[in-house]
Amino acid sequence: MKDKIKFSVVVPIYNIENYLNKCIDSLLAQTYGNLEIILVDDGSTDSSSSICDEYAVKDNRVIVIHKENGGLISARQAGAIRASGDYVACVDGDDWVDEKYFEKFADIIDGHAPDIVCCTNFASDGENFTPTGINIEEGFYSKADIEQKIFPFLIEDEYGRYFSTSIWAKIFKRELYLPQQIAVDKRIVIGEDSACVKPCVFNANSIYVSSEPLYFYRYNPSSLTKSRKAFDWKGPQYIAKHYENQMDLDVKDLRAQLYRATVHSLFNVAVSQFNRKEKYRTLAREIKENLKDPFYRTAIKKCKFKSKSGRIALFALKHKSVMLMKLYNKIK
């Protein structure tokens, strides 16, 4: 079975010249050889584009796609269309992976042949590494297991738990992944990973969960405050509509879970409006007006939480407590 399975690795890239070499080097250093590494340059304006081309010259496993800037979803879609492997992995261009990343996945596939394999990861700022677990027991999950053990918190349960949303630290059978990635609405900018992952899990016949941390996710704490901006009011609806199109929401109370996820996202959108340089009165009027949307009103009305964060979000939205939203924005 050695190197029999082919993996396609899709790497979306936009202006990450300082981190890109580490990512690509970690892929080329894999102990497993049957890979195609698809570097999707999404209209970079720094040296990322030329770095991609240099690697393509060095190693014939590297395929480069240059495209106009269209965002993360469009980059992943371009890579998904080009992928020819049995399984597809997504690796963000500023992250990197363990040298045995694909060897370990191949061993799991050899033993269990699952549609999806998940592993855990390290969160890193480049110097410190924090292992991040996955909130489900390690092992093989059949279709019946998925429905019994994962569906109850696939989107979001009453306690705010949800199945791992990240598209990285996972591999998917290509025939499962491709249609789901292509279907994701390009207008989604918050939650684009979950828009693909959740329907993949819903439609999977089997999943294997490994507790071994093999993926290194790079985070930059100092960038969190610099990137504070107002989110799109339509964002939660784009996600909800996508879930409705790709999953049967009448299974295992998934519609109720959708309402919870929508309320949480809607609260975050409302809170984010205070990142704008506008008068309080102007923002308050806009927030209250958007909360009149029929779909949002339904989600708020039918939503139930047992978690503290969920109850706060629901209370603020139900009572249109704009001052509470503003205070939350300041302390978060």
Side-chain angles (χ1 to χ4, degrees), residues 112-120 133-167 169-173 175-185 188 190-211 235-268 294-314 317-318:
H112 302 277
D115 288 349
I116 302 173
V117 184
C118 313
C119 70
T120 59
I134 194 166
N135 59 347
I136 191 168
E137 187 177 348
E138 181 176 28
F140 178 80
Y141 291 78
S142 66
K143 183 68 173 181
D145 294 330
I146 295 170
E147 293 177 355
Q148 180 183 357
K149 299 178 180 179
I150 297 179
F151 277 14
F153 73 114
L154 176 59
I155 302 176
E156 183 172 350
D157 71 8
E158 290 183 332
Y159 297 94
R161 294 190 316 147
Y162 48 84
F163 187 78
S164 169
T165 59
S166 62
I167 202 167
K170 294 179 178 69
I171 60 167
F172 306 84
K173 274 190 176 177
E175 58 266 30
L176 172 66
Y177 168 75
L178 178 59
Q180 296 302 333
Q181 184 65 82
I182 295 303
V184 177
D185 191 330
I188 297 173
I190 302 294
E192 63 275 358
D193 279 22
S194 63
C196 181
V197 171
K198 306 290 188 178
C200 279
V201 173
F202 180 86
N203 290 287
N205 288 315
S206 56
I207 295 175
Y208 191 94
V209 176
S210 169
S211 62
Q237 289 197 43
Y238 296 149
I239 291 276
K241 186 65 176 178
H242 179 72
Y243 285 161
E244 287 181 338
N245 290 338
Q246 302 304 121
M247 298 187 286
D248 182 358
L249 296 178
D250 294 323
V251 174
K252 296 287 186 181
D253 86 333
L254 289 179
R255 190 170 299 279
Q257 292 190 40
L258 174 63
Y259 289 145
R260 289 188 205 105
T262 297
V263 164
H264 251 144
S265 296
L266 180 59
F267 178 67
N268 289 333
F295 175 72
Y296 291 153
R297 289 174 63 185
T298 298
I300 293 167
K301 181 179 179 180
K302 296 188 175 183
C303 189
K304 293 182 180 179
F305 282 103
K306 292 182 179 178
S307 66
K308 182 177 180 181
S309 62
R311 287 173 173 173
I312 291 173
L314 183 57
L317 295 174
K318 182 178 290 186

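The first residue in the sequence is number 1, and the count goes up from there.
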With Phe305 via ring-ring contact (aromatic ring centres under 6.0 Å, His included) - residues at least two apart: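 Checked Phe305 against ring-ring contact (aromatic ring centres under 6.0 Å, His included); matches are His264.
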Nearest-0.5 Å distance, [atom1] of residue [X] to [atom2] of residue [Y]:
X: Ile136; Y: Ile146; atom1: CD1; atom2: CD1; value: 9.0 Å
X: Cys196; Y: Ile188; atom1: SG; atom2: CD1; value: 10.5 Å
X: Met247; Y: Asn203; atom1: CE; atom2: CG; value: 8.5 Å
X: Thr120; Y: Glu138; atom1: OG1; atom2: CD; value: 8.5 Å
X: Gln181; Y: Cys200; atom1: CD; atom2: SG; value: 8.0 Å

Looking only at heavy atoms, which two atoms of [X] and [Y] are closest? And how far apart?
X: Ile207; Y: Cys118; answer: CG2-SG, 4.2 Å
X: Pro199; Y: Ser194; answer: CD-O, 3.7 Å
X: Leu266; Y: Ile300; answer: CD2-CD1, 4.2 Å
X: Ala195; Y: His242; answer: O-NE2, 2.8 Å

Give a yes or no on whether [X] atom [atom1] has more than 12 heavy-atom contacts from other residues, nucleotides or ligands under 6.0 Å away.
X: Glu175; atom1: CD; result: yes
X: Phe140; atom1: CZ; result: yes
X: Phe153; atom1: CZ; result: yes

Would you check, one step at a time, whether the test side chain to side chain contact (heavy atoms under 4.5 Å, CB included) holds for Leu249 with Glu244? CA-CA 7 Å; Leu249 296 178; Glu244 287 181 338; 3.4 Å; yes
Are the side chain of [X] and the backbone N or O of [Y] linked by a donor-acceptor pair below 3.5 Å?
X: Lys198; Y: Phe163; value: yes
X: Asn205; Y: Asp115; value: no
X: Glu158; Y: Lys306; value: no

Check residues 253-262 and write down every donor-acceptor pair under 3.5 Å in which the side-chain atom is one partner and the other belongs to a residue at least two apart or another chain.
residue : atom : partner : partner atom : Å
Asp253  : OD1  : Gln257  : NE2          : 3.1
Gln257  : OE1  : Leu154  : N            : 3.3
Gln257  : OE1  : Ile155  : N            : 2.8
Gln257  : OE1  : Glu156  : N            : 3.0
Gln257  : NE2  : Phe151  : O            : 2.8
Gln257  : NE2  : Pro152  : O            : 3.1
Arg260  : NE   : Lys304  : O            : 3.0
Arg260  : NH1  : Glu156  : O            : 2.8
Thr262  : OG1  : Leu258  : O            : 2.8

Worked verdict on Tyr177 versus Ile167 for side chain to side chain contact (heavy atoms under 4.5 Å, CB included): CA-CA 10 Å; Tyr177 168 75; Ile167 202 167; 3.8 Å; yes
Looking only at side chains, do Asp145 and Ser142 share a donor and an acceptor under 3.5 Å apart?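 The answer is yes; a qualifying pair exists.
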Could you work out, with side-chain hydrogen bond (donor to acceptor under 3.5 Å, both in side chains) as the rule, every residue matching Lys170, not counting sequence neighbours?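 Per chain and number, Lys170 pairs via side-chain hydrogen bond (donor to acceptor under 3.5 Å, both in side chains) with Ser164, Ser166.
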Can you find a heavy atom in the side chain of Val197 that is under 4.5 Å from one in the side chain of Phe172?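 Counting from C-beta outward, Val197 and Phe172 do come under 4.5 Å.
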Are side-chain heavy atoms of Pro236 and Phe295 found at a separation under 4.5 Å?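 Not touching, per the 4.5 Å side-chain cut-off.
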Stepwise side chain to side chain contact (heavy atoms under 4.5 Å, CB included) test for Ser206 and Lys143: CA-CA 5 Å; Ser206 56; Lys143 183 68 173 181; over 6 Å; no
One pair to check against side chain to side chain contact (heavy atoms under 4.5 Å, CB included): Gln180 and Val184. What are the steps and the verdict? CA-CA 7 Å; Gln180 296 302 333; Val184 177; 6.0 Å; no
